[in-house]
There are 2 protein chains.
Amino acid sequence: MSGSPTYVDIQELTGLSLSTISKYFNGGNVRERNRITIEDAVARLGYQVNQHARSLRAGRSSTVGVLLPDFGQSSAFHLSIIGGTEEILRSRGIGLIVSTAGARPSGVDFLRARMVDGIIAVPDPRDEAELKAAVARDIPVVLIDRLIDDVDTDAVVLDNRHAVRIAVDALVEQGHERIALICGTDEIWALRERAAGFDEALRAHGITPRPRLIRRGPLTAEFGDLAVQSLMGGDEEIPPTAIVCANDALTRGAMGAVVRLGIHVPDTLSVIGFDAEEIADVTTPPLHYVHQPTRQIAEEAAQLMIRTLNDESARSARTVVLRARLVAGRSIAAPSGTEPHA
Amino acid sequence: MSGSPTYVDIQELTGLSLSTISKYFNGGNVRERNRITIEDAVARLGYQVNQHARSLRAGRSSTVGVLLPDFGQSSAFHLSIIGGTEEILRSRGIGLIVSTAGARPSGVDFLRARMVDGIIAVPDPRDEAELKAAVARDIPVVLIDRLIDDVDTDAVVLDNRHAVRIAVDALVEQGHERIALICGTDEIWALRERAAGFDEALRAHGITPRPRLIRRGPLTAEFGDLAVQSLMGGDEEIPPTAIVCANDALTRGAMGAVVRLGIHVPDTLSVIGFDAEEIADVTTPPLHYVHQPTRQIAEEAAQLMIRTLNDESARSARTVVLRARLVAGRSIAAPSGTEPHA
DNA sequence: CTGTTAGCGCCTTCAC
DNA sequence: GTGAAGGCGCTAACAG
């Protein structure tokens, strides 16, 4: 027994022809007697179909790639993408190859070399070009969370403007006007949208956005921390009475600064987090936050991919837009200046 | 241009033979002039080596599987495993297929069907049998975090007894004696070890472990919350003056209960978390916690896998044991009862 | 250094 | 229903 068993081994054990055996493994009609003989041989040999041969022959791999930004960043979100897609795809017999973007050579090429049937991606700016090329080659691509300019393909995204609007609404309702935003840069579509949503929401309430209260930077806890520090400490200006964070890492960093600086929430400052499921219950007080249906996003993406894989013709660019909701905590209250008026 | 380009397409464009082209892609010596011609054709065609054909020929897939418990659980740890192994394996041209354990049919069989060259696993109890079978079939397996009885294979684990001991040492040094442990069940090796380490550490300090202060259950935030609730509230007994959590989810749950019940840390209760990197800075006060080198664990596992893959003979069962360290926060202090004595 | 050839294991025509 | 033959794309012998 040198290598793995093959059809030939089964043939020798059963005396049946290769085509009969193949048919057995591919759902064809096989005589009952032969079916049993084959199953017997399979069990005895510990036979496993050779996917390489099958894939080579079929021209498909029954594998899709998941491309994520560097793992340093918004971990929980990425994990739920892997988890959600894996579960659905596996139930269809499709495997998941994971690759991180940003690295050179591109993760897209790495996945292409592994002959994935499609790619589900949270596109990092550095991989947009390769993804665009993949789409041009008719490789099924489903974008998650972030859109790419001039690329026409399936996507599942959040209604980002709405997500920020509900946060702003909640704060304005409490009487806040000096509301700050800690957000990522325009390089990434989702954050561009969230910043735009912030602007829109303020204007809708008749509040003129103040550039100094909008801090844009990398999606890291470090930047979130820094932003709070400079908003609440360094400036000569009157500090904001409320802060909205546009991402989970930024939220963590912001809350870290709040704890370290001893800022009293919500008395001195109201805070609304984003995707803060993991930390909302352990902060004092529990965080009010924007909750993105991460799991559902992943599952919708998997469904889109499956549909595309099953029906080559349907290469239309569908965009599924989902909405976030606010999860109530105790980190927002009326601004301290307004309390005497009450 | 129906299918993907192949060697034949390159041949037609360059006039070179298939073996020259193959040699180019496999690091052989090719005449400079031809090298350029090939690279030119490759660029023009957007050629990608067909891994299926290569794998079929070579008998290897250059792919390894990562098997994880259900994603509901200790997310950050799992993500760093995917991230750490992916990075190292990709640099060797090896892809990563991710699968979750627990589901039926077993993730192990799913990975075997996809012809992975090896499996890196954080074994779920429900998949131990299949992993054992895989090892018996000479499939390279590297275990992470948890060992399995009677399975002789490579592994990378934490010195779990030490990890808990340093936590207990720190608390005893502050004067604590009524120390509680919130831990997983004996079903999982790592948690069995942590519980044993707790026992050892107490005895080393001349403290007799009290069964009522040791709460064992599922590795969920819910159980961590429940455990704190019952330790600090429900019991008639005197509550503990300190708590050690044995896992990240348990830590989150425990801290959630602490916040909700308004327990003052560290005045009323000292808390030491486990793998609490994500939340340590946002709790009030910042958490003191046991820090497991998760990233290093993943990388060591990838290295072991690569070594095994490169050298079939070296199928010895190496176990790499790494040590945790304590990260200082402000969640521990002398027990309130002792302060008057000081 | 380059060209020719024979399969890796499977599936899909075709005949029977 | 079953049997025989060719080829998916690549690589590892060989020759030249």
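Protein chains get the first letters and strands the later ones, always in sequence-line order, with residue 1 at the start of each.
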Both conditions, 6.0 Å and 45 degrees, for the charged tip of B:Arg35 above the ring of B:Tyr24: are they met here?
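Verdict for B:Tyr24: no cation-pi partner in B:Arg35.
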Can you tell me if [X] touches the phosphate of [N], counting only side-chain N or O atoms and a distance under 4.0 Å to OP1 or OP2?
X: B:Asn26; N: D:dT11; value: yes
X: A:Arg31; N: D:dT2; value: yes
X: B:Asn50; N: D:dC10; value: no
X: A:Arg54; N: C:dC11; value: yes
X: B:Thr6; N: D:dG9; value: no

Minimum heavy-atom distance between B:Ile94 and A:Arg114, given as atom pair plus value:
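Between these two residues, the closest heavy atoms are C-NH1, 4.3 Å.
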Minimum heavy-atom separation for A:Arg192 to A:Asp186, with atom names?
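Of all heavy-atom pairs spanning A:Arg192 and A:Asp186, the closest is NH1-O, 2.8 Å.
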Specify whether B:Phe25 and B:Tyr47 have parallel, tilted or perpendicular ring planes, treating 30° as the upper limit for parallel and 60° as the lower limit for perpendicular.
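Rings of B:Phe25 and B:Tyr47: tilted, 30 to 60°.
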Could you tell me the separation between the [atom1] atom of [X] and the [atom2] atom of [N], rounded to a whole number of Å?
X: B:Ile10; N: D:dT11; atom1: CD1; atom2: C1'; result: 14 Å
X: B:Arg60; N: C:dG9; atom1: CZ; atom2: P; result: 15 Å
X: A:His52; N: C:dG7; atom1: NE2; atom2: C1'; result: 17 Å
X: A:Arg57; N: D:dG6; atom1: CZ; atom2: P; result: 14 Å
X: A:Asn34; N: D:dG1; atom1: CG; atom2: P; result: 10 Å
X: A:Arg35; N: D:dT2; atom1: CZ; atom2: P; result: 12 Å
X: B:Gln11; N: C:dT4; atom1: CD; atom2: P; result: 8 Å
X: B:Leu56; N: C:dG7; atom1: CG; atom2: C1'; result: 9 Å

Any N/O donor-acceptor pair, B:Thr20 side-chain to C:dG3 base, under 3.5 Å
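No, no donor-acceptor pair under 3.5 Å.
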Could you say whether B:Leu16 or A:Ser19 is positioned toward the 5' end of DNA chain C, judged by the nucleotide with the nearest heavy atom to each?
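In this pair, the answer is B:Leu16.
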Is B:Glu39 atom CD crowded by more than 12 heavy atoms from other residues, nucleotides or ligands, each under 6.0 Å away?
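Enclosed.
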Of the listed nucleotides (D:dA4, D:dT11, C:dC10), which one gets closest to any side-chain atom of A:Tyr7?
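In terms of side-chain proximity for A:Tyr7, the closest of D:dA4, D:dT11, C:dC10 is C:dC10.
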Using a heavy-atom cut-off of under 4.0 Å over every strand shown, decide if B:Ile21 touches base, sugar-phosphate, or nothing.
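Touches nothing.
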Mind checking if A:Leu18 touches a base, just sugar-phosphate, or nothing, with heavy atoms under 4.0 Å?
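Nothing, no heavy atom under 4.0 Å.
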Is it the case that A:Thr308 and A:Asp154 place a side-chain donor and acceptor less than 3.5 Å from each other?
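Checked: A:Thr308/A:Asp154 side chains pair up, N/O donor to acceptor below 3.5 Å.
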Can a salt bridge be assigned to the pair B:Glu299 and B:Arg295 using a cut-off of 4.0 Å between side-chain N and carboxylate O?
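Salt bridge: yes.
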Pair B:Arg126-B:Asp70, salt bridge (Lys or Arg N to Asp or Glu O under 4.0 Å): steps then yes or no:
CA-CA 11 Å; B:Arg126 288 170 291 178; B:Asp70 288 337; 3.2 Å; yes
So which protein nitrogen or oxygen atoms get under 3.5 Å of nucleotides 14-16 of chain C's nitrogens or oxygens?
none

